[in-house]
Amino acid sequence: MDEGSSVRGEDTRKGFAGHLHEALHQRGIKTFIDEESLERGKNIKERIFSAIERSAVCIPILSPSYADSRWCLMELAKMVEFRKKIIPIFYHVDPSDVRHQRGAFEAAFQSYQLRFDRSTVMEWRNALREAADISGYDLRNVANG
């Protein structure tokens, strides 16, 4: 079974996401994290979208800087488009802030509205809302989260 995760590097990749990746790997669950799984010289977008399409479960790690990455938002939109089982992890963010795009999410979208067409921005907003409406893991409610 393949699992896909969508992370914003600076605040989760070397810590939480790395530990999750290793824990799943030790249990025989194949994971895809772009930094480790992308072959040099291959089209990044095609490879990531293909990995999402093959994944049985997708685990976006929604952190304070998640929306700063258009790549993360594109990946999340693909998870929704492909109707994947999504298990969101809310890492140091309130699911309500993700759902309503407040705080750091609001700031990112203000920037995107100036740089991207309206339909793309709406697709990303809707994907975040959909992910936030799914029962996932709010690490603010977990010991050592």
Side-chain angles (χ1 to χ4, degrees), residues 1-101 103-139 142 145:
M1 174 186 339
D2 282 355
E3 308 276 337
S5 62
S6 178
V7 300
R8 175 75 174 140
E10 292 82 29
D11 55 358
T12 62
R13 186 180 313 274
K14 299 291 186 219
F16 178 79
H19 294 301
L20 177 63
H21 170 71
E22 184 59 29
L24 292 171
H25 179 75
Q26 287 178 357
R27 287 168 178 77
I29 299 171
K30 185 177 176 187
T31 61
F32 179 92
I33 294 183
D34 60 5
E35 192 172 90
E36 297 176 5
S37 304
L38 290 174
E39 295 176 47
R40 303 297 178 236
K42 300 285 184 180
N43 183 293
I44 295 169
K45 193 179 210 179
E46 284 178 19
R47 180 74 174 98
I48 290 173
F49 289 174
S50 176
I52 292 169
E53 192 169 20
R54 288 190 321 272
S55 294
V57 176
C58 294
I59 307 171
I61 301 172
L62 301 164
S63 66
S65 67
Y66 187 88
D68 292 343
S69 168
R70 67 182 177 94
W71 281 97
C72 285
L73 294 171
M74 285 190 296
E75 292 168 19
L76 186 61
K78 280 296 171 193
M79 292 173 201
V80 170
E81 178 186 330
F82 292 152
R83 309 302 305 158
K84 292 297 172 179
K85 179 176 182 171
I86 297 172
I87 302 173
I89 296 177
F90 301 96
Y91 183 82
H92 298 283
V93 295
D94 185 327
S96 180
D97 288 346
V98 176
R99 182 178 303 106
H100 300 292
Q101 282 114 52
F105 293 88
E106 179 181 18
F109 277 103
Q110 286 176 351
S111 168
Y112 292 142
Q113 289 172 351
L114 302 174
R115 299 182 357 229
F116 296 96
D117 63 87
R118 181 173 165 70
S119 65
T120 298
V121 173
M122 287 308 298
E123 179 182 31
W124 294 346
R125 284 185 177 276
N126 290 336
L128 275 172
R129 278 188 204 104
E130 213 166 307
D133 283 341
I134 297 168
S135 177
Y137 294 95
D138 183 348
L139 297 188
V142 176

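Heavy-atom basis, side chains included; hydrogens, waters and symmetry copies ignored. Keep in mind that this is a model prediction, so the values were computed, not measured.
Counting all heavy atoms, side chain and backbone alike, Pro95 lies closest to Asp138 at CD-OD2, 3.4 Å. The nearest pair of heavy atoms linking Ala132 to Arg99 is O-NH2, 2.8 Å. Scanning both residues, Ser55 and Lys84, for their nearest heavy atoms gives O-NZ, 2.8 Å. Taking all atoms of both residues into account, the shortest heavy-atom contact from Pro64 to Ala104 is O-CB, 3.2 Å. Scanning both residues, Pro88 and Ala131, for their nearest heavy atoms gives CG-O, 3.4 Å. Across all non-hydrogen atoms, the minimal contact from Ala67 to Phe105 is CB-CD2, 3.5 Å.
Qualifying side chain to side chain donor-acceptor pair (under 3.5 Å) partners for Asn126, counting only residues two or more places apart in sequence or in other chains: Arg129. Under the salt bridge (charged side-chain N to carboxylate O under 4.0 Å, His left out) criterion, Glu106 pairs with no residue, sequence neighbours left out. Partners of Asp97 under the side chain to side chain contact (heavy atoms under 4.5 Å, CB included) rule, at least two apart in sequence or in another chain, are Asp94, Arg102. Residues forming a salt bridge (charged side-chain N to carboxylate O under 4.0 Å, His left out) with Arg83 (at least two apart in sequence, or on another chain): Glu130. Under the rule for a side chain to side chain donor-acceptor pair (under 3.5 Å), Glu53 has no partner lying at least two apart in sequence or in another chain. The side chain to side chain contact (heavy atoms under 4.5 Å, CB included) search around Lys45 returns Asn43, Phe49, Trp71, Met74, not counting sequence neighbours. Residues meeting the side chain to side chain donor-acceptor pair (under 3.5 Å) test with Arg70, sequence neighbours left out: none. With sequence neighbours excluded, the residues satisfying side chain to side chain donor-acceptor pair (under 3.5 Å) with Gln26 are Glu22. The ring pair (Phe, Tyr, Trp, His ring centres under 6.0 Å) test applied to Tyr112 returns Phe109, Phe116, Trp124, not counting sequence neighbours.
Between Leu24 and Ile59 the shortest side-chain heavy-atom distance falls below 4.5 Å. Counting heavy atoms from C-beta outward, Leu128 and Leu62 have side chains that approach closer than 4.5 Å. Ile61 places none of its side-chain heavy atoms less than 4.5 Å from the side chain of Tyr66.
Looking at Lys78 and Glu75, no side-chain N of the basic residue comes within less than 4.0 Å of a carboxylate O on the acidic one, giving no salt bridge.
Atom-to-atom distance recorded for Met79:CE and Ile87:CD1 is 11.5 Å, nearest 0.5 angstrom. To the nearest 0.5 Å, atoms CD1 (Ile86) and CG (Asp133) are separated by 11.0 Å.
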In sequence, state the C-alpha distance, the side-chain angles, and the governing distance for Val57 and Ile29, and then conclude on side chain to side chain contact (heavy atoms under 4.5 Å, CB included). CA-CA 11 Å; Val57 176; Ile29 299 171; over 6 Å; no
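When atom types are taken as modelled, the side chain of Ser65 and the backbone of Asp68 share no donor-acceptor pair closer than 3.5 angstrom.
The salt bridge (Lys or Arg N to Asp or Glu O under 4.0 Å) analysis of residues 109-120, with sequence neighbours excluded, yields no pairs.
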